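Since the structure is predicted, the reported quantities are computational estimates derived from the model, not experimental observations.
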Amino acid sequence: MGKNNRYSQIDRHDQLLGLLRSADSHKVDDLAFSLTVSRRTLLRDLDLLKQRGYPIETEAGRGGGVRLYKHWGIGRLQLNYQEVIDLLLSISIMEKLNSPIFLTHLNSVKNKLFASFPTEQQARIKKVRERLLIGELASDFVTSSYQTISSNATTQQISTAFFEQKSLYIEYCDEKKNHSKRRIEPHYLFLNWPVWYILAWDTDKDASRCFRLDRVQKATAEKEGFRLKKANILMEEAEKYAKKL
């Protein structure tokens, strides 16, 4: 029975998408009637399609208007929230380049992409976006000592701790080649292109600290979570660090 219901739902979703493509706008009650389902089931189907990435817009009110953006080129693209953050972050970095051509529509793209996700995902994405800070280009002095890094076990652990808001145990080598082991809370990620910094709270020293990502030699995400601190509490340390290191 469950398997047949699953096939029935897939078929109904295909029919619903066909109906949405057939006209510019539809009423919720008309769609429910055409598919011989209840209004509640129809609204649930629309929400599921939105979660799958289809650009469906619904209007509140009696009857409820529903439309599918026909010319949306990535309607079938399914992204998890970390992938969305990566994409939005890339757009934000490109905006910083301030090019007079090719990049004029980035803000519009960013807003449409963000708006296409369900409300609960929007809230989660917004929270993470606020923890990604973008500054200016790094100085020649800083970039001269910067070592390009690629995705590896260490960066994966940092990413996990950051997104899940968990404490992080790191082994770090500073600018003077001093090695240390730290337990930190990765509150914000700070970019002075192309150099990334972890803006953190050092739990052992009970103070804010800034760590350059390319100098983290090993990292392990822990189970213990933390409550986010306001950026201005930690930002002074980051700006001071970014200018010199």
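Residues Trp196 and Val216 have side chains not in contact (no heavy-atom distance under 4.5 Å, counting atoms from C-beta outward). Contact check for Phe162 versus Val128: side-chain heavy atoms found under the 4.5 Å cut-off. A heavy-atom distance below 4.5 Å is found between the side chains of Leu35 and Leu19. Looking only at side-chain heavy atoms (C-beta outward), Leu191 and Leu133 stay at 4.5 Å or farther from each other. Between Thr143 and Leu137 the shortest side-chain heavy-atom distance does not fall below 4.5 Å. Inter-residue side-chain proximity for Leu20 and Leu46 is flagged as met; some heavy-atom pair is nearer than 4.5 Å.
Side chain of Arg212 to main chain of Glu175: no donor-acceptor pair is present (N/O by atom type, distance under 3.5 Å, no hydrogens or angles). Between the side chain of Ser25 and the backbone N or O of Gly65 there is no donor-acceptor pair closer than 3.5 Å. Looking only at distances, no side-chain donor or acceptor of Asp214 sits under 3.5 Å from a matching main-chain atom of Tyr146.
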Starting from the C-alpha separation in whole Å, work towards a yes-or-no answer on side chain to side chain contact (heavy atoms under 4.5 Å, CB included) for Leu199 and Leu189.
CA-CA 6 Å; Leu199 187 50; Leu189 292 180; over 6 Å; no
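In terms of heavy-atom proximity, Ser167 sits nearest to Ala161 at O-CB, 4.1 Å.
A continuous path of Ile, Leu, Val, Met, Phe, Trp and Tyr side chains, each step under 4.5 Å between heavy atoms, connects Ile134 with Val195, placing both in one hydrophobic cluster. Residues Leu31 and Leu48 are members of separate hydrophobic clusters, defined by side-chain heavy-atom contacts under 4.5 angstrom among Ile, Leu, Val, Met, Phe, Trp and Tyr.
With rounding to the nearest 0.5 Å, the separation of OG1 in Thr36 from CG in Leu42 is 10.5 Å. If you take CD1 on Ile184 and OG on Ser208, they are separated by 12.0 Å, rounding to the nearest 0.5 Å. A distance of 4.0 Å separates CZ in Arg183 from CD in Glu222, rounded to the nearest 0.5 Å. Atom SG of Cys173 sits about 7.5 Å away from atom CG of Asn178, to the nearest 0.5 Å.
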Just list the side-chain donor-acceptor pairs under 3.5 Å for residues 227-234, sequence neighbours left out, or say none.
none

Contacts under 3.5 angstrom, residues 150-160 side chains, donor-acceptor by atom type, not counting sequence neighbours:
from	atom 1	to	atom 2	distance (Å)
Ser151	OG	Gln156	NE2	3.0
Asn152	OD1	Thr154	N	2.9
Asn152	OD1	Thr155	N	2.9
Asn152	OD1	Thr155	OG1	3.4
Asn152	ND2	Ser150	O	3.2
Thr155	OG1	Asn152	N	2.8
Thr155	OG1	Asn152	O	3.0
Gln157	OE1	Ala221	N	2.7
Thr160	OG1	Gln156	O	3.0

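Residues forming a side-chain contact (heavy atoms from CB on, under 4.5 Å) with Lys181 (at least two apart in sequence, or on another chain): Tyr169, Glu171. Every side-chain hydrogen bond (donor to acceptor under 3.5 Å, both in side chains) that Asp45 has, sequence neighbours left out, goes to Arg12, His13. Annotation: side-chain hydrogen bond (donor to acceptor under 3.5 Å, both in side chains) contacts of Lys126 (sequence neighbours excluded): Glu130.
In the displayed structure, Glu224 atom CD is contacted under 6.0 Å by at most 12 heavy atoms of other residues, nucleotides or ligands.
When the options Tyr197, Tyr188, Tyr172 are evaluated for a ring-ring contact (aromatic ring centres under 6.0 Å, His included) with Phe211, the one that passes is Tyr172.
The aromatic rings of Phe226 and His187 are tilted relative to each other, their planes meeting at an angle between 30° and 60°.
Ion pairing of Asp174 with Arg215 is absent here, as no side-chain N (NZ or NE/NH1/NH2) approaches a carboxylate O to less than 4.0 Å.
Listed by first and then second residue, the salt bridge (charged side-chain N to carboxylate O under 4.0 Å, His left out) pairs involving residues 187-208 are Arg182-Asp202 (not counting sequence neighbours).
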